[in-house]
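In what follows, a single structure is set out as structure tokens and then discussed.
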Amino acid sequence: MSDETLSNLLTENRTFAPPADLAADANVKADAYAAAAADHEGFWAEQAGRLDWAEPFTQVLDDTAAPFYKWFVGGKLNVAHNCVDRHVAAGRGDQVAIHFVGEPGDTRSITYSDLKDEVSRAANAIEELGIVAGDRVAIYMPMIPEAVVAMLACARVGATHTVVFGGFSADALASRIEDCNAKLVITADGGYRRGAPSALKPAVDAALEKIDNATTAIVENVLVVRRTGQDVAWNTDVDVWWHEVVDESSTDHRAQAFDAEHPLFVMYSSGTTGKPKGILHTTAGYLVGTAYTHHAVFDLKPETDVYWCTADVGWITGHSYIVYGPLANGVTQVLYEGTPDTPHKGRWWEIIQDYKVTLFYTAPTAIRTFMKWGRSIPDEYDLSSLRLLGSVGEPINPEAYMWYREVIGGDRCPIVDTWWQTETGMMMISPLPGVTAGKPGSAMTALPGVGADVVSEDGVPVPNGSGGYLVLTKPWPSMLRTLLGDDERFVDTYWSKYKEQGWYFAGDGAKKDDDGAIWLLGRVDDVMNVSGHRLSTTEIESALVSHPRVAEAAVVGAADETTGQAVVAYVILREGASAGATGEELVQELRNHVAKEIGAIAKPRSIMLVPELPKTRSGKIMRRLLKDVAENRTVGDTTTLADAGVMALIAEGQKTSTED
Ligand code: WT7
């Protein structure tokens, strides 16, 4: 992290105290910090009391095989029962669970009773298709209620789901299906994006072809929701319509209780090598952690609040803060299918106005986009129902924070800037809205029951006013349990850097300000963050190199006003492979190639064709130098380069290409 960033952030000294009425009535008050610090396990045991247990646990935390921790040992529960049935049993069946807003304008309000019926039907249907506890199910769907129902149906029968973001390509889907051995794929014909139907089923067909499902028969069935009504190719051996089997199934389904450590889901996330990591979350600890943090950080009052998290269910934010945490807490929430600018750029604000949303959770990249579109758009809507705003995915720069606060929050709503990861499962560092005086740009301090610190390379906590690596110093209930099929990589990636101390290494740089508040400074490894989505340099480089014309590629994340970071690639072409497109045309071809291999999110903002890449004598590409060029800085120390002249060439090339 450059000193420039540090000193920039240090000049930020505005603070915003919690609104008095929110503070007075807050779900969680200041005493929670001390209570949790005094008795870590006791604190989490108390939070476990938020759930319905079929069998109580006998031990809060088993750390004998650390870092393979176990939480709530001996306890049993059913996640779907906790997220749905028990609210009906408590007499809240008529409360709306989900206000669905389709992109074309169709709407559906689903009560907890409706949800219970639908999840039970889906559970019966997938059992009928042969799914039993322990099986894996891949879910590849648009943002429609059936996506939530599919996840809960899996949880209900003890099948482990892996939700693959609908924007990912057939190749990405295939590798995930293969890696987790999914027996069933749940998908839809398509969804609505940017005003038009966007197909999903063909990508599933292509994925199955890619894994040669005809021979391997990993996937026994594909369950297809009809959403858009577009034509789909049909393989009668495996394909089944959702409306034919789910709608016909019984609404009676007995939910069996599963062990606290039963695998709930796998979420794939980019690592520093090309192969995505299958992050495994389990049953009870995950639900306790997400339910508690959702209650504490959003101050949810389930009878009166209307909550809206704009994330996709294909990301961890959708899992933890659309599906599991909020539904465990009996929320009423909005679920929106489409994009923020369809059919007009005020769509989100219109939804907030129409549904009187009180709690709103989105990402800095979205906020920066709205800033670019101008405040006159949100200013046309009545946003006075809002009482709290959340941010997640990357550091929110003070400018975006202030805009969010003033333009969307009317200067009255506190902002909770929540730091967490796919691995942590739940929010870890965040203000408590009724307690913390927030500073624009800081996630502030660890939540009650969470231990976080900023330490030096050698594991010494840095003093206030300095920077270092972010570590988590205590186990927490919703922590990842391992990487699917790769315990060694799990230990290496997260637990080996500070092995002696037993700390979790988060991979983020951070600093403590003079008051000890934490400021996140981005990833320290070769992982970048584009619009709140983690992408690995290596993964995109492998995609580029898989193109026949490319010999070598280096990818960096360059600061970008809108997306946080943007993918910038430097590519060496194969000699002699001169047939085909050249120049700008080839660059477009390569960008599209990456989109096809990984997904549109990974498409490079720019690609520069270069004769050489900066490498150390041992052959390691020095991405930090390319990053300097990509961010228009003077190129840093080149003394470890094998050929110092390379950078001058690239820098010169970049200058001419941006001048064009
Ligand atoms: C990485 C985790 C958490 C769900 C979405 C992303 C960055 C996340 C913040 C924040 C600064 C943040 C970190 C983290 N990040 N939230 N509030 N402030 N940085 O999940 O894909 O697992 O990425 O996102 O760098 O390590 P993910």
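Throughout, residue positions are numbered sequentially from 1 according to the sequence presented. Computed over heavy atoms, backbone and side chain alike; hydrogens, waters and symmetry mates excluded. Whatever order the structure lists ligands and atoms in, that order sets their numbers, starting from 1.
Within 4.0 Å of ligand 1, contacts by protein heavy atoms are made from I316, T317, V392, G393, E394, P395, D417, T418, W419, W420, Q421, T422, D508, L520, R523, N529, G532, R534.
Of all the heavy atoms in I415 and Y401, the pair that sits closest is CD1-O, 3.5 Å.
The pair K512-D453 meets the salt-bridge criterion, with a side-chain N (NZ, NE, NH1 or NH2) lying under 4.0 Å from an Asp/Glu carboxylate O. Taking 4.0 Å as the cut-off between side-chain N and carboxylate O, E423 and K277 count as a salt-bridged pair.
The side chain to side chain donor-acceptor pair (under 3.5 Å) test applied to T187 returns no partner, not counting sequence neighbours. Considering only residues two or more places apart in sequence or on other chains, K596 meets the side chain to side chain contact (heavy atoms under 4.5 Å, CB included) condition with D171. Contacts of T358 classified as side chain to side chain donor-acceptor pair (under 3.5 Å), with partners at least two apart in sequence or in another chain: D305.
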